[in-house]
Structures are given as structure tokens and as C-alpha cells.
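Every heavy atom of this structure was used, including side-chain atoms; hydrogens, water molecules and symmetry mates were not. Just so it is clear: chains get the letters A, B, ... in the order the sequence lines come, proteins before strands, and each one is counted from 1.
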4 protein chains.
Amino acid sequence: MKPLQTFHNLSPGKQERITRVAVEEFSEKGYAGASINAMVRRLGIAKGSIFQYFGDKKGLFLFAFNTAMERVKDYLRTVRDQTASEDLFTALEATLTAGVIFMEKHPVIYRLYIKAMFEDDIPFRSEILRSLREYSFKYFRSLLERARARGELRRDIDLDKAAFVLDALMDRFLISRTVPHLDAGLGIHGCSPEDARQWIAQITDIVRLGIGSR
Amino acid sequence: MKPLQTFHNLSPGKQERITRVAVEEFSEKGYAGASINAMVRRLGIAKGSIFQYFGDKKGLFLFAFNTAMERVKDYLRTVRDQTASEDLFTALEATLTAGVIFMEKHPVIYRLYIKAMFEDDIPFRSEILRSLREYSFKYFRSLLERARARGELRRDIDLDKAAFVLDALMDRFLISRTVPHLDAGLGIHGCSPEDARQWIAQITDIVRLGIGSR
Amino acid sequence: MKPLQTFHNLSPGKQERITRVAVEEFSEKGYAGASINAMVRRLGIAKGSIFQYFGDKKGLFLFAFNTAMERVKDYLRTVRDQTASEDLFTALEATLTAGVIFMEKHPVIYRLYIKAMFEDDIPFRSEILRSLREYSFKYFRSLLERARARGELRRDIDLDKAAFVLDALMDRFLISRTVPHLDAGLGIHGCSPEDARQWIAQITDIVRLGIGSR
Amino acid sequence: MKPLQTFHNLSPGKQERITRVAVEEFSEKGYAGASINAMVRRLGIAKGSIFQYFGDKKGLFLFAFNTAMERVKDYLRTVRDQTASEDLFTALEATLTAGVIFMEKHPVIYRLYIKAMFEDDIPFRSEILRSLREYSFKYFRSLLERARARGELRRDIDLDKAAFVLDALMDRFLISRTVPHLDAGLGIHGCSPEDARQWIAQITDIVRLGIGSR
DNA sequence: TATGAATGAGAGTTCATTCAT
DNA sequence: GATGAATGAACTCTCATTCAT
């Protein structure tokens, strides 16, 4: 019997409940800190069941993490599609804003991503991070390539470097909204969506002057 | 008897050895993951002694962390003093370069900082991070204020936002050199100091156009 | 519904497969160590089925063990029949040689026998072992009685004691070929069939002088 | 801190109690079957203590086993010394008798030996068995060499083969007294010491004729 | 008849913390 | 002041067995 086979035979409602609790637990306590005991206590099921479904803690984490990341990718895909006709900097603003909204609705997922990023001994850490970063860079690269084709960029700008800057700024901005006290009192953490838009506008402005065509 | 009282009565060599081992352990395994068992094994001292010196695990961590961060601050102070007469962007390049050099020499300290940043259940996490970030922002703010006084900045730029951008880019760049696979194959992780300088130059260049006076 | 009833309604092929896997598992890991989980995994059938067929783990073991021992007895019977006209010591040599050959072809069965012999908590351990030993002794006793009738034995030898010696030597010799390092470097374990015959000849020789008629 | 260091700092009485309980548990249930939970329950100490003393289950077993075997070797040494002036077959009888007496007083140790012999997954099984068997063979070889020097043996007898026979018979005889129902009703198991001497005498008699000088 | 999801006791192991010496 | 033995809760993981479908 393959792992996950058993799990996928459960009712969708139960699958969803288990996944949600697992994501929350890993999100709150990281991989090593997460307790399967705590999960089954919250779920009201037997400890053995988790191991029947996922084989071991590693398998559970991988499943929870991948499930969560799929939702991020889905979301990002729709953003890109909706900004296809906009210029680069409008698209960037939209992306950041979308990121803020997503995090507002799914803070748990963002924290899980953070944990995977900076905790050691995450199962398949390298593969996971490499694949995520690749996805993110490809996203910004594709925005930049579209912009270059339209003549929106400085001629001499290196697309890799530019993508790095975009990724760094967006990532840090979003992290600041999640991780308390990372913004040194600037007020990013927990600020209103309107204030967030102000921040986004000004950051984008700096970037436009840095890499834009004029 | 105050905690740390007994610790400071030890010979400087012993104090230094204990501090070093504690910093290494927390740096490698994070707060929750660190094992006092492991530390005393490496140190060859009794487990009870640690509790006598520092009260509990929390006290040990706080001491180790603060000690490590003092070294960072000392280092940063000398960088600022040495670049007092340079223009903003030269000073920024120097700062990033200095950061690369520091990390090269003290990777353990940088990892400890990362762990403190992204792990929950760090004792006094809020206070620690707030104080660190404050220090970092003040550093960049002071550079920017110096630059504004000299007319090196766009008139309309908001210094807080600019400091945010500088801090974000510098931080992400340095993290990329430490955490594997965070750079999506761009080659920042583990690149040679010369390649790092190239990266720094180009990032600074983007920033100059974004916030510089012309 | 009697247990085993449902099992015997299965296709002979399936019965045989289940028996074989069970014997292998018990042979490798002993009774307590054997895992029904592992068996059904290898068989690709439902765990519940095993309990339907055999009631519980005990029933499964008993069936597997008895099935395996039947094969040993069948084999031993043919050996005795084929040596009916030989003198005692030729028959003994033939028996030992046959034992070696059987083990060579059915190591799994021999290991199962060993496990049953020396593990506690074997279900019905006493009955099982008593019956096996009885069978073995009867075998040697019948050889000895035949020999006595032909005047091949010392007058004053006690047949029980002699049977004990024969059984002990044969058993130990065969075990030495299976269990590594039981022969203290004498080279019995894993030796070639030819070398085994040399050993057999010399052991038989000692026995002949010990109990033979002259 | 080395494993066993801590343990040896305990009071001799406590060390002895722990060792005794461990030997009993392994002796009754084998390695895999033994439960550290059960041991600490019987001892009335905390589970963690066992791991502090011995590191892990493997370490505990190794210690318990070696301690038990030392007692066997000590005993055997005194037997050999006391029979130095006897002829081979008298010495053999004394050895077997001594074995019977030892087992009568220490059945737990003998069962532990049996378990180590026939259970798989014993830690360092190969090394343990090789060393034990070597010790046993050397013992019989030394008796045989002494006998050959005195002209008590058949000229053409191979000492290795003879030692094998002695070891096999002695071992099986002693096992028969411990493991129930291994004697097929011959009455070795649990027989009185006097009956045991009778058996010993007759077995020795067979061996004498098989390998003796006349 | 066959299935396989559910169970929960029990396994070995690690750990921060306490306290008598 | 330094020690290190003692603790017990919490951890991940395995297993035979049950029973509704």
C-alpha cells in the first residue's frame, strides 16, 4: 500500500481538516518543533492514523508543505494572467498588493514558507527551496522580459540582477508584514491595506528609477 | 546571588570557551533544537554548572546572543567611522563588502542571527529583534541623513522608505551567501569575494539611480 | 465457521503464496518479531484477510510451522526407506548428508525450526517441540534397533543414550552450517558439500568406535 | 562523559541490582523482546537513568551479557585448575558436572546465552558468539592436548574434530536441562543431579571409546 | 468474503531541570 | 562553587487487532 493512498481514500472533509491542522502546526512550531501528538489531540484521531496515512513525520510535512505551496502558485498564476496587459511597474504593484492580500488571508501559509526557508533539518530542504526560488525568479524574469520587449527597461540593466532586486524587496516587504518587529517601527507589520499600498507605491517608484528606461 | 555573577568569576579563558560553544550550538540548531547536554559534553564540564551560571536555557541563550551581537555592532561602528568622508554610494559599497567579509570570518554569528530572526519561541524574541532592527535602521538612516545634507539624494525621497530598501537589499544579499539555494542559481551563495564585489556594484548602481540626486 | 475453513477455500496458488510468505517472515524474524503488516504488504492483500483465515497471529504461526515441518518429515521418511538395507553407520552418514542437502535447499525452513526451538512465547511451544523431538528420536531409535538386531552395536550400550548422542551431534553439525560463527573457525559454516562429507565421515567414525560392536 | 562511567559511580548494591534485573529481563525475553519499561518498573527508577548509564538498549545488553559471561568464564577457569592432575575423561566428567551445577545455580545466565545464540539482531552478535565459541573450543582443545601428551588419545584422532564432538555433546546436554521438552522424554530436563551424573558417565563412556587410546 | 481505516498501548530515546553531595 | 545522578514528560514510530462497509 503506497503512502498517501490511504489518506486519499478519506472523505474530502477529513482530508482537509487533517491538512489544515498539519499546516498550522508546522507553521507555528517549525518542522522539528511540531508535535504529532499535538496534532492528533486537536484532530481527535488516533496517533497511529497519521502514520498510516503518511508513513512518518517527514511524509506528513512534505505533503502539508506541498499542498500549501500549490495554493500560492495557483494564486500567483492568476495575478500574472490578470496583469498581462499592464506595464512592468503597474504589474509589480499588483503583485505586491496581491501578495499582501494573500498573506492577509493565509498568514499560516506564509509562516510555513518562512520556517522552511530558515530552519535546518527540513526534509528535502534543498530541493524544496531550490524549486520555490526557481519559481519565484522565473516569475519576475518573465515580467522583466515582457518589459524589455516593450522598451520599458534601461538598456544596460542585467535581468538577473534586476530580478534579484525585485525578489528581495518584495520578499522582505511581505516578511515584514508577517514577522513582528522586523520593520524597526516603520509600521509595516500589521499596517492597513491602504498604508501597505502607499509603501508599495514608493518602493516601486524607487525601483522604476533604478531600472526603468528613463 | 545574581545569575551571571558566578559566571563572571570564572577565568576569562573558561568564560570565552563556554560562550563560544554556546554560540555555536545555538547557531547550528536554533534555540529549541540546541541541547545543553551536547554543550556540556563538548565542554567537558558538569551540566549543573550551566544552570548555576545562567539560571536556565533562556538565560544562556540571551547571554550568548547578546555577546555575539556586540561583536557585530563593534564591527559596524568601525566601518561607519572609516567611511565618514565618502559619498553615500561608496559608503554603501563599503558596508556591503564589510558585511561579506564579516560573514566570511564569522559564519557562526550570522547563522545565529538568522535563527533568532525566523524561529519562534526565542526568549524575548520581540525585544531582541526590535533592538537589532533599530540598530540597523539607525545605521542606514545616519548614512542617508549625511547624504541628504550633502545634496546626494533626490529631494522627494522619504528617508524611511529608502532605509528600508537599503536594509532589505543588503540583508537579502548577505543571507543569500549563507543559506544554500536561496539564490536560484544566480551564484551568490558561496561566490568568490571578487564576484561578490561585482554584485554589490550593480545593486548599488540600481539603488543610486533609484534614490540618487540625478 | 471454523478457522482455516475459509483459507482452504482459496485457490491453491494463493494458499501456497500466503504460506510461503508467512514461513519466510517467521523464519527471518521469529514469532514476536514477525509483522503481519509486513506480510500483507508483501502479499498485496488486506490485513483483515489474515485474521479471517487464521483467527490471530498464533493461528497463522501454527499453520505455517506445521506446514513447514511436514516437508521435513516427508524428506526424512524417504531417507530412511532408501537406507533400509545399509548398515548403521552408512545410514547415519546418509542421514547427515541428506540433512545438509535439505538445508542447502530449504534454509528458510531450518531457520524457522531454530527460531521455534530457542524463542520463548512461541504458541504451544512445548507441544511443538515435544512432537518434533519425539519424531527425531524415534528416527534414530529405529536405526539403532535395526542395528542391534543385526549385531552392529556394543552389547552394553543403552539405546536411549546412544540416540541422544546421535541426535546431538547431527543437530549441532547442521546448526553449525546455518548459524555463522558457531564453529569457532573450524570451517563448518558454509563449507562445500565435499568438506561436509569429510566432517561427517570423521564424526561417524568416532561414533562407530564409541557404540559399535568392536 | 563516557557511557558506563556514570553507572560505575553508583553504589555497588545499586549496580548489582540493575545488572541482575537487566540480565533477567534479557534472559526471559531475548534482546528485541526485552522491555526497558519493564526493567525500570521493577527497579523503581526513572527510565531516563538507564539511558544515562548505558547510552541505549544496545549498550545495556552488551554490559549485561558481558557481565554474565565473565561469571561463566571465572567458573570454568576454576574447574580446569582443579582437574589439572586428572585424566581426560575424569576431567570431562568434572566439567559436565560443574556445568550442571552452575546451571542449577544460574539458570538465568544459561538462558541468556541461549538467547544470544539463536536470536537475530543481537548487537555485535558475530563478535559475541565468535569470542564465546573460541573460549569454549580453547578449553576443550587444552584438555585434549594435555591428554595427547599423556598418550590418552587415539594416535589418528584429529583434535579439532574431537573438540567439536565434546563441545557439541556437552552443550546439548546442558541445553536439554534448561530448555523444556528438548529431551524427548528421556528425562534429562530437570532430572536430579544423581541422574545427571549417570547420564554424564555414559556419554563420557561413549566418547572414551570413540577417541580414547584403546 | 474481502477490505482497509481506526485504534491505543507500548516501544526506545532525548531533554531541561533539580538537588544532595 | 562544582558536580552529576535522578527525574519524568514528551517525542516519533510500530503493532496486533477490530469492525463497518
Checklist outcome for this item: Checking N1-N3 plus N6-O4 or O6-N4 for Watson-Crick, or N1-O2 and O6-N3 for wobble, each under 3.5 Å, the partner of E/dA20 is F/dT3

Next on the checklist: Checking base pairs now: Watson-Crick or wobble, both atom distances under 3.5 Å. What partners E/dC15?
Outcome noted: F/dG8

Item to check | Approximate separation, where rounding is to 0.5 Å, of B/E119 CD and A/E119 CD | outcome: 7.0 Å

Checklist entry - Atom CE in B/M117, atom CD1 in A/I114: separation rounded to 0.5 Å? => result 10.0 Å

Checklist entry - Is any side-chain heavy atom of D/Q15 closer than 4.5 Å to a side-chain heavy atom of D/H8? => result yes

Checklist entry - Do the non-hydrogen side-chain atoms of C/F124 and C/R130 ever get within less than 4.5 Å of each other? => result no

Checklist entry - Where along nucleotides 13-21 of chain E does protein come under 4.0 Å, by heavy atom, of base (B) or sugar-phosphate alone (S), with - for untouched nucleotides? => result BBBBBB---

Checklist entry - Does A/N9 put a side-chain nitrogen or oxygen below 4.0 Å from OP1 or OP2 of E/dA5? => result yes

Item to check | Presence of C/Y53 side-chain N/O under 4.0 Å of E/dT1 phosphate oxygens OP1/OP2 | outcome: no

Next on the checklist: Pair D/F54, D/I36 - check side chain to side chain contact (heavy atoms under 4.5 Å, CB included), show working.
Outcome noted: CA-CA 12 Å; D/F54 303 102; D/I36 290 179; over 6 Å; no

Checklist entry - With sugar-phosphate meaning primed atoms plus P, OP1 and OP2, does D/L60 contact a base, only sugar-phosphate, or nothing at under 4.0 Å between heavy atoms? => result nothing

Next on the checklist: Salt bridge check, D/D120 against C/K115: does any charged N sit closer than 4.0 Å to a carboxylate O?
Outcome noted: yes

Nearest-Å distance, [atom1] ([X]) to [atom2] ([N])?
X: A/F54; N: F/dT14; atom1: CZ; atom2: P; result: 15 Å
X: D/I18; N: F/dA5; atom1: CD1; atom2: P; result: 11 Å
X: A/D121; N: F/dC11; atom1: CG; atom2: P; result: 18 Å
X: C/F61; N: F/dA16; atom1: CZ; atom2: C1'; result: 16 Å
X: A/I45; N: E/dT7; atom1: CD1; atom2: C1'; result: 11 Å
X: A/I50; N: F/dC13; atom1: CD1; atom2: C1'; result: 13 Å
X: C/K29; N: F/dA16; atom1: NZ; atom2: C1'; result: 14 Å
X: D/M39; N: E/dA11; atom1: CE; atom2: P; result: 10 Å

Quiz: residues 58-71 of chain D side-chain donor-acceptor pairs under 3.5 angstrom, not counting sequence neighbours:
from	atom 1	to	atom 2	distance (Å)
D/N66	ND2	D/L62	O	3.2
D/T67	OG1	D/F63	O	2.7

Next on the checklist: I want to confirm an ordering. Mapping D/G44 and B/K14 to their closest nucleotides on DNA chain F, which one lands closer to the 5' end?
Outcome noted: B/K14

